[in-house]
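Here the structure is laid out as structure tokens; the discussion comes afterwards.
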Number of protein chains: 2
Amino acid sequence: MVTIYDIAKKAGCSSSTVSKALNNSSTISKKRKEEIIAIAKLMGYVPNSNARQLATKNSWSIGILFSEDLNIGLEHHFFGGVLEAFKTYVEDLGYEVTFVSKKVGHQSLSYLEWCKYKNVDGVFIVTVDVDDVNLKELTESGIPIVTVDNGVLNVPTIISDNYQGTRMVLNYLRLKGAKNIAHIAGPMRSFAAQERIDAYRDVLTKAGVEIDEKLIIEANNYDFNSGKNALYQLVSQYGGVPDAIYAASDDIALGAIRALKELGYKVPEDVCVVGFDNIELTKYTSPALTTIAQDKVKIGREAAKHLIALINHEIESTPGIVKRVPVELVIRESTK
Amino acid sequence: MVTIYDIAKKAGCSSSTVSKALNNSSTISKKRKEEIIAIAKLMGYVPNSNARQLATKNSWSIGILFSEDLNIGLEHHFFGGVLEAFKTYVEDLGYEVTFVSKKVGHQSLSYLEWCKYKNVDGVFIVTVDVDDVNLKELTESGIPIVTVDNGVLNVPTIISDNYQGTRMVLNYLRLKGAKNIAHIAGPMRSFAAQERIDAYRDVLTKAGVEIDEKLIIEANNYDFNSGKNALYQLVSQYGGVPDAIYAASDDIALGAIRALKELGYKVPEDVCVVGFDNIELTKYTSPALTTIAQDKVKIGREAAKHLIALINHEIESTPGIVKRVPVELVIRESTK
DNA sequence: TTGTACGCGTTATCAA
DNA sequence: TTGATAACGCGTACAA
């Protein structure tokens, strides 16, 4: 490893002069500076992150909280996409991105301890078990934090505009002539699920439609099988099929469609179905799914922007939703 | 921030004694040790990563090379899943996981420079543009590296057993009575694509089947549209449809199925189609896809194991495939 | 404009 | 068993 001392020796100057040259200080002659930079390059000098951070007390690093305790992880297209956009944005600003861990060497640490250990400038909570005992300690620590929808609400949150999405779905379905529109909600522990069901009620009520509670059902989870089960329950409690179904996720919608097929119904002829997310493959299912597209890239980027602003003290941390990202209605074959 | 000096003051001893207590040295009395640990806990002491790493010259950190220059990224289920399994494994051993970046602060760095800057113990190449000029420098640097299939072959590689998978597909299809079996290969810049097409040729030849070059076609990419286009080309060059199609990825298979439908063919009645990957949603498409399941978790974990062994000098680095992970044939509705 | 000297928080050596 | 003291590599007052 070549250090600034090695360079100093070769350049015939002191280490501090080298340091100045490398950090383009203004208190150094242009000639010396270029000379030193040339030598540094020649010798293959690379600064040492630890020494630099120790001296400056400045980490330029961001922690990612991505818990795999849940059955939702990196491979989940939505969170994966959001994280990628986030990473791209902050790396371009010169930050490094490290996963928050619960261990360092042989020692176990809490999230907060790890963040202090690494002296991260901020944390992006992507997914986390909201019941994790370590979580509260972290969110209340004062370290800049942002999150995307995942139920942690005492932290600045970037989230899709669920109301807008729901309104677009319902208006579209009603325009198409659907009278009774059911809603298969996501699990209520998810904030997005709550927002969507609230919006469903609100939009219909404002449109003068009386809410039929039999048309509402909560899925156990966001996945395919939960959607399938929910559909069976819905048909049973409603005593038949509605004109249309608004599902809280694409996976739920696909599960519902599968159940409908099993029951002998056709989509969209007998029932229209709309999902939420716009995951890649819904383009290719048959019928291709009409859905609300969430803007993963924008969500990730907005989360990054917000976190950087917090880090730079340009804004104050305010718990709850700080940014709503517009969604889009993508019309395909599952509605007519 | 509380340091070992603060603890030393409170405990009435020297900082070096504190250090010993905290690192469970054997040259310290049990009583002192417990006393100091108690005080440290009371004061909320957390060690400083930078200072420790600077002193020990030991980083306990692994870099992840995950390039988003390609149109394949974190949101890709396969690589996302592999990375997650990798991360879980190494974090449990006490390593921290950081994305390799091309910038630090305002300065641009090559991959290798970044790795030196951070002093990482090893690198896991998940995805990368194989033509990246920075890549060679990194792979030849001597830093422990592993990768999974992505075309970088001068590095220890963990990969699915493509031969086994191909053989299972072909045997199965032939058993079902398929005479002419087409292969829609992946792009040849991918090593897995090459392996699969080679296996296709070899297995059939060994079974006494003469290879009909008209039954082979290379898709431009691994995605849906490439599969769709490839199918049209295949039908055109073959002058009809074969009994069965073995596609190099699920996305390709789904694209092919879509094209077949457009042409008025039924799957599996007229043509059987088999994919490769077993991505989540293929369970739910109609027809549900018969495919070869890749074991993402095992691949990620094996990559982790191998890298750790390299880091610990338990093994030597050998370029090329170091581990083949078994695959599994998952039979669903797209074959009969 | 340059160099000296010290601090960042920790580990490690060696003498006490 | 404990405690000075010197690294580790870098940045930065402050003096020259």
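Keep in mind the model is a prediction, meaning the values are calculated, not measured. Chain letters run A, B, ... following the sequence lines, proteins first and then strands; every chain starts at 1.
In this structure, A:Lys9 places its NZ atom 14 Å from P of D:dC10, rounding to the nearest Å. Atom CD1 in B:Ile28 sits roughly 9 Å away from atom P in D:dG3 (whole-Å rounding). Going from atom NZ of A:Lys33 over to atom P of C:dT1 covers 11 Å, rounded to whole Å. Going from atom CE of B:Met1 over to atom C1' of C:dG9 covers 8 Å, rounded to whole Å. With rounding to whole Å, A:Leu54 atom CG is found 18 Å from C:dC6 atom P. C:dT11 atom P lies 12 Å from atom CG of B:Asn24, rounded to whole Å. The nearest whole Å value for the distance from the CD1 atom in A:Ile36 to the C1' atom in C:dT1 is 11 Å.
OP1 and OP2 of D:dG9 both lie 4.0 Å or more from every side-chain N or O belonging to A:Thr3. Considering only side-chain N and O atoms, B:Lys57 lies under 4.0 angstrom from the phosphate OP1 or OP2 of D:dG9. An OP1 or OP2 oxygen of C:dT1 is reached within less than 4.0 angstrom by no side-chain nitrogen or oxygen of A:Arg32.
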Exercise for review: Evaluate the side chain to side chain contact (heavy atoms under 4.5 Å, CB included) criterion for residues B:Leu112 and B:Ile143: first the C-alpha distance (whole Å), next the side-chain angles of each, then the deciding distance (0.1 Å), finally the verdict.
Suggested key: CA-CA 9 Å; B:Leu112 178 56; B:Ile143 293 179; 3.7 Å; yes
Review point. Yes or no on side chain to side chain contact (heavy atoms under 4.5 Å, CB included) for A:His306 and A:Ile315, after CA distance, side-chain angles and deciding distance?
Key: CA-CA 8 Å; A:His306 197 84; A:Ile315 53 175; 3.4 Å; yes
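Among residues at least two apart or in separate chains, ring-ring contact (aromatic ring centres under 6.0 Å, His included) pairs with a member in residues 120-145 of chain B are B:Phe86-B:Phe124.
Ring pair A:Trp60/B:His106 is perpendicular by interplanar angle, where above 60° counts as perpendicular and below 30° as parallel.
Within 6.0 Å of atom NZ in A:Lys103, more than 12 heavy atoms from other residues, nucleotides or ligands are found, so the atom counts as buried in its surroundings. By the neighbour-count criterion of 12 heavy atoms within 6.0 Å, atom CD of A:Glu314 is densely surrounded, having more than that number from other residues, nucleotides or ligands.
Comparing D:dG3, D:dT1, D:dC8 against the side chain of B:Ser29 picks out D:dT1 as the nearest.
Partners of A:Ser190 according to the side-chain hydrogen bond (donor to acceptor under 3.5 Å, both in side chains) rule, which considers only residues two or more places apart in sequence or in another chain, are A:Tyr222.
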Exercise for review: Mark up nucleotides 11-16 of chain D, 5' to 3', with B wherever a protein heavy atom is under 4.0 angstrom from a base atom, S wherever such an atom reaches only the sugar-phosphate, and - elsewhere.
Suggested key: BB----
